[in-house]
Each structure stands twice: as structure tokens, then as C-alpha cells.
2 protein chains.
Amino acid sequence: MHKQEVTIYDVAREAKVSMATVSRVINGNSNVRKETRERVEAVINRLHYQPNAVAQGLASKKTTTVGLIVPELTNLYFAELSKGIDDIALLYKYNIIISSIENRLMKEDEVIQSLLNKQVDGVIYMSNRLPDKVANAFKQTNTPVVLAGTKDNRDEFASVTIDYQKADTEALNLMYNDGKKNLAIVVGDPDTVVNKDNRIPAYRKFLADHDIAEEHIYTKINNYSDGYNLYSQLEKDGVDGVIVTRDVTAVGILNSVMDAGKNIPKDLEIITASATQIASVVRPALTTIKQPLYDMGAVAMRMLTKLMNNEEVDGIHVQLPYELLKKQSTLNQ
Amino acid sequence: MHKQEVTIYDVAREAKVSMATVSRVINGNSNVRKETRERVEAVINRLHYQPNAVAQGLASKKTTTVGLIVPELTNLYFAELSKGIDDIALLYKYNIIISSIENRLMKEDEVIQSLLNKQVDGVIYMSNRLPDKVANAFKQTNTPVVLAGTKDNRDEFASVTIDYQKADTEALNLMYNDGKKNLAIVVGDPDTVVNKDNRIPAYRKFLADHDIAEEHIYTKINNYSDGYNLYSQLEKDGVDGVIVTRDVTAVGILNSVMDAGKNIPKDLEIITASATQIASVVRPALTTIKQPLYDMGAVAMRMLTKLMNNEEVDGIHVQLPYELLKKQSTLNQ
DNA sequence: TCCGCAATTGCAAGCGCTTACTGCTTTTTT
DNA sequence: AAAAAAGCAGTAAGCGCTTGCAATTGCGGA
């Protein structure tokens, strides 16, 4: 990168004003007389001047950039959340630096530290674990954080979610009312807050409430083939209804059932707890807990803008309504 | 953002050296004696000093940040490319600012200008149109650009693709040899370079080479429901084999065929030209032109690192090998 | 016409870091 | 052992912009 061709100084000289005045014009400061403003704007247009955001960032200590932490880039769940975030970010003129954690969990601190070093004004965090080290870094730099589609035990971090316990209970209830009594739950990482403190307790409570002794909790089932391979176990265990966190995993189970010549929903009902486009294009289509992912992202980003501007927010833990969308993987009543 | 707590100046004072020396230590400059380096590093660790990347960027005119232009966030095609990009970016310690164009095409210039104002060191461009205005902005700021998974008529922009013409021809050939003579092609925007100058010409040439007079080119078919609704037309037109750009669109057609009680591949063969996970989880699974998306992203990013460092690159137009992956939407021979 | 106050504008000190240059030490060369 | 080269570290001038404060201007009222 060579030296910038036209700077605020050039504009100031051409418009016969000081840099300060040009700066005021750029930033829409009202303390500029109309004629002056117009003269400066004319020069800006003539020279095609574009402010250097890095210099602005250094001087103003605001970068109009937010960080986005996402577990995987190729997961539509996060992509749909991101879209909501992106739209609102664009609206408020923030750029997004995206960082994926993928499976390299050990690198998480570094990735986030690098984001913080870039002086992002705020962070939207979608990863499902928030290590102490990271939490401290956020607090130390005073960077506001909003969790989107995930939760944390520390209540201090704002979050936008649905009521996972209620949703799961409702889903289990649906299958139970369909006559399925041998219900199971399939999750990925059992230690995330969403799973450990929400989904699994909801499942256990449901069993207790219905006097079912035998619990079927399958953990570390993360992807399509994990799901595909799980079915033989489900069959062996006599499971007749299952709630699956990730829809791709659910599709794995679904295909495995079909390939085994069994029937869905007769032999097995499936409900997925996080539905993306994939859940709706497979046949039979999956009954889903439909989370308003786009809205969740949008609300999270909007909340972040408020936090970044020290505006009032009423309640930092937002729960949006979900919908239990009955499709072909459960019985039609 | 309040004033930074610990700066390079604090480290210098504590370590009893000048800022310049601390800077050298941070940047791995070898002109520092071992003991001095260690002393400085000790102070850095003790104070938990983290360099301010914005200040570094202003002073060095390098931000170690690249821009990523993607048409849609919720399209797995770009997500898989992005993953390859992200991995290499992490390796070379670049951050990624992502900007989606979505459908708001009129905003494209602004979005990219904002990226350029942030002084990104380079750009990976995945959108399928590169307006003059944008191209000029890149050239003016001297920002290297690499197109990934897309092409441009201006040969000056580096690109990483597959041989679309060859791939499509091979796909058409496969169906032709299966006895399908009424072949069609389904694309989204017919004016993108990939479609206008590659896919459609390849299709036309194929027809000409096989003395087929009647051409079936369906354009502006962009998503699942467009695909779903298209089938009645395909049927009316007697199409018995179709190559579909986007796999989600292909799945729309697929489901429509099934719902109509027809058989795939007997009544209609389908090959999709850009396969993501979706193509492989639907049943019948789609025969696909398998693009090495991850690798394409990785190669594009690696090339960009070279361009950003003014290193030699041999050939700025890279074509990676693809694979014609036969699944259930074409006959098994 | 002159004064006071508000509206404008300019001044200049940073923001936190990099990087020629310069100069002082060591080391190497002969 | 003296001179040349190399190794280290410091000085200070920016990078391009924002912003508190001071200075100037313009305007209405007395």
C-alpha cells in the first residue's frame, strides 16, 4: 500500500478551510455553516476523497467494526443467524470481521485476542462455549458482547435465544401424544450450556413428569454420518421418537431409517431442534422446532449497537418465540 | 472505548528501552540482542501488552485484513469456499472482513468502498459480477483481488475456478450416453460471465456437435421453489435430462418430480453443477459436478497472500480439477 | 455604532505504532 | 592493532484523522 493519494489535508487546502472543518463535514457535525459545508463537499466529490477508516479509528477510538465468532462457517444455522446480523450491521454501517473457531478449539483465545487487537467495537458470539480467558479479555477491554443462539452461565453477557427448555418439552410432548413412549435426545457436545443446562434437563424432567424410567441420551453426535451410524443403536434401544439438535444429524438418521426399509414416522419420529433449509428439502420433511434465526441475529446486532453506544437496553436476555412446525417426520393428527 | 490501558510506551519504559526496540521485538525484527529481546518479552507478558492493530495499520500501512465479497451468506457454495479461505487466512494471520451483497445490488459500490476505506490489504471476490466502478476502485487503490469460484471478462483479475465448459460438456455427455436426447440447462442470472460465456456456450456447442436443434435454456431460476415450480415446464417441454447450476434448485426440481409421481432418473436425469452438502443428503442423491470448493478457497487465499506481498505468482488464472460424481439422479451403468 | 453572545472555524495536541536515520558498540578483516 | 563492517539501540518524524479549546466572525439589541 503506497501513501494515500488524497487525504483530508488535500481537501482542506483545496476548500480553503482547516482539516478540522473537513472532519466536521465528513462526520455530519452540525457546527458548519451551510456554504462552507457545500464548498467542502464539492471538493470531496471533485477529488474523490475517501476517509481512511484506520486513521479515523485511531483518532476516534471507534472502528465501526464488530467481530463475529462462529463455530463453523459451513453450518447453515449460523449462516442464517449471520444474515440477520449482517443486515442490521449494514444498516448501522458496521463492518463485520468474522472468525470461525471450527475444531481448533485451542486457538480460540488467540483468534479472539486478534479480534480485540483490531479494536472491534463489539462482538457477537455464537460459539457455544465461552472460556474464562475469553470472558476476561472482553471485560478487560470493555468490549460489549452479545450471544446469539447460544447461552452462557455468566448472566453478565447479553443473549438472544429461544426458550430451549420449553421448546424441547413441547416437542417431546408432541411425540408422546403420538404414542411414542421410548423417547430419546441426540446432542453434539453435552457440555455446552444449551445442552447441559437446558435441553438435557428438559428431557429428564419430561421423563420424570411422565414416570418414564429409562433415559436415552446420545451425545457427541455431530454430523451427518454420526447420525447415519447412530440409527442401528437407536433401533437396538427400541427408541421410537427422537429429538435431534442439528438438522443435518437428523437427516443422517432419517436416511439411515429409510435405507433400513423402516418407516418414518411410524417406526421412528424425528424432530430437529435447529432447522435450516436442509430440514425442509429432504423427504420426508422434518418436523422442526423452528427458531427465528434471522430475527435472532438481527435482534442481537441491534442490541449490540445499543451497547456500543451506551444506550439503554431493557433486558439483556431476550427470548424470541419459536414455532413447532409439524411436517412428515411426525404423525399427522 | 476508553484510552488504551497499556501501550508500547509503557513497555518501553518498564523494559528501559525505546519504543523502537519494543516495536522490533513485536515484529520479530532480528536487529535486537537476545538479552534485550527477552527482557522486553518479559515485560510484555507481565503487563499483558497487546499491540493496537489499528495504530499498527496506520503506521505501517498494512492492516493484515482482507475483504471477502460474497453474494449470499446462506449459500453453502460460498460457505465452503469461505472455509478454505478462512483456514489459509488464519495460517497467514489475516483477519477477514466479510461483506455480503445479497440482493441489494445497487449497494455494491458502497459496500466495497467501505471495505477499501478500511484499508484491507486484499480482496477475495466471489460475487459473479464485477462492475466497472468496483474494478476501478480496486485498481485505483492498488488493492489485489482474487476471484474465487467465479470469473470476469477482464483478464487482469486473478481467479481460481474449474473448467466450467469442460465440466458441463462432460455432464451433458453423461446424460446423452444414458439415452437422454432432450437436454436442458437451468441457470440463475444468465448474464454472469460464468453462465453467459461458459456454461451456456458449452451447452450450445454440445447441441451443435450432436445435431440437436431444439435448445432448452431456463434462466432466472434461483432457488428451491423456482426449481420446484419449473418442473411442470420441463415436463411440458419434454426435457429428459437437465443440468442445474445450483444444487438447491436441483433439489426443488427433484422433489417436484417425485411429488408428480415420476421417476428419477428414468423420467428425468438431473446433474447439479455446484454441489454442497445438500446434494448428497437428499434422496435420490444428486449426480454432481464436484468442485473442490475448499481447495479453491484455499488456493485463492494463498494466491492473494502472494499478491499482497508482491511475490511471484505463476499464472493468475488457476483451474482446479473437478470430479463428475455419479449418484442416483443419473442411471447407473 | 458598539457590545455580548452564539455560531463558526482554526490550532495543535494527540491516538499508538513503524521506520528511516544516526550513532555507538562490538566484531571481523588484514 | 587499526580500520572497516556489522550489530544494536535510540531519535524523531510521521501515518491520516479527531477533538478540546481558543480565536474569530456575525448578528441582534441597546
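Proteins come first, then strands; the chains are lettered A, B, ... in the order of their sequence lines, and each starts at number 1. Side-chain atoms are counted along with the backbone in the values below, which use heavy atoms only and exclude waters and symmetry mates.
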Next on the checklist: Output the rounded distance in Å from CD (Glu5(A)) to C1' (dC15(D)).
Outcome noted: 14 Å

Checklist entry - If you look only at pairs with a residue in residues 307-316 of chain B, which of them pass as a side chain to side chain donor-acceptor pair (under 3.5 Å), with sequence neighbours excluded? => result none

Checklist entry - Just wondering, more than 12 heavy atoms not from Lys139(B) lying within 6.0 Å of its NZ? => result yes

Checklist entry - Asn31(A) CG to dT9(C) C1': how many Å, rounded? => result 10 Å

Next on the checklist: How many whole angstroms separate atom CD of Glu35(A) from atom P of dT25(D)?
Outcome noted: 16 Å

Checklist entry - Any side-chain N or O of Ser60(B) less than 4.0 Å from the OP1 or OP2 oxygen of dT19(C)? => result no

Checklist entry - Lys62(B) has an atom NZ; how far is it from atom P of dT19(C), in whole Å? => result 7 Å

Checklist outcome for this item: Residues at least two apart in sequence or cross-chain that pass side-chain contact (heavy atoms from CB on, under 4.5 Å) with Met19(B), listed by chain then number, are Ile8(B), Tyr9(B), Ala12(B)

Next on the checklist: Any donor-acceptor pair under 3.5 Å linking the side-chain atoms of Thr63(A) with those of Lys118(A)?
Outcome noted: no

Item to check | From dC17(D), dT18(C), dT9(C), nucleotide with atom closest to Ile8(A) side chain | outcome: dC17(D)

Next on the checklist: With each end axis built from five pairs of C1' atoms, what bend angle do you get for the helix from dT1(C)-dA30(D) to dT30(C)-dA1(D)? Round to 10°.
Outcome noted: 40°

Checklist entry - So which of residues 13-21 of chain A are in contact with DNA chain C, with a heavy-atom cut-off of under 4.0 Å? => result Lys16(A), Val17(A), Ser18(A), Ala20(A), Thr21(A)

Checklist entry - Given dG16(D), is OP1 or OP2 found less than 4.0 Å from the side-chain N or O atoms of Lys61(B)? => result yes

Item to check | side chain to side chain donor-acceptor pair (under 3.5 Å) partners for Glu80(B), two or more places apart | outcome: none

Checklist entry - Under the side-chain contact (heavy atoms from CB on, under 4.5 Å) test, which residues partner Lys133(B), sequence neighbours left out? => result Asp109(B)

Checklist entry - Nearest of dC17(D), dT9(C), dC17(C) to any side-chain atom of Ala59(A)? => result dC17(D)

Checklist outcome for this item: Hits for side chain to side chain donor-acceptor pair (under 3.5 Å) against Asn128(A), two or more places apart or cross-chain, chain-then-number order -> none

Checklist outcome for this item: Applying side-chain contact (heavy atoms from CB on, under 4.5 Å) to Ala79(B) and not counting sequence neighbours gives Thr74(A), Leu76(B)

Checklist entry - When you check the gap from the basic side-chain N to the acidic O, do Asp10(A) and Arg13(A) get nearer than 4.0 Å? => result yes

Next on the checklist: What residues from residues 22-29 of chain A pass a heavy-atom cutoff of under 4.0 Å to DNA chain D?
Outcome noted: Ser23(A), Arg24(A), Asn27(A)

Item to check | Phosphate OP1/OP2 of dG14(C) contacted by Tyr9(B) side-chain N/O (<4.0 Å) | outcome: no

Checklist entry - Excluding sequence neighbours, so at least two apart, what forms side chain to side chain donor-acceptor pair (under 3.5 Å) with Ser114(A)? => result Asn95(B)

Checklist entry - Contact class for Val32(A) (heavy atom, under 4.0 Å): base, sugar-phosphate, or nothing? => result sugar-phosphate

Checklist entry - Whole Å only: how far is the CD atom of Gln56(B) from the P atom of dG16(D)? => result 17 Å

Checklist entry - Can you name the salt bridge (charged side-chain N to carboxylate O under 4.0 Å, His left out) partners of Lys196(B), sequence neighbours left out? => result none

Checklist entry - Whole-Å distance between dG16(C) C1' and Tyr49(B) OH? => result 7 Å

Item to check | Whole-Å gap separating P (dA7(C)) and NZ (Lys34(A)) | outcome: 18 Å

Checklist outcome for this item: Residues passing the side-chain contact (heavy atoms from CB on, under 4.5 Å) test with Pro71(A), sequence neighbours excluded, are Phe78(A), Met126(A), Ser127(A)

Checklist entry - Rounded to the nearest Å, what distance is computed from the CG atom of residue Asn52(A) to the C1' atom of nucleotide dG16(D)? => result 6 Å

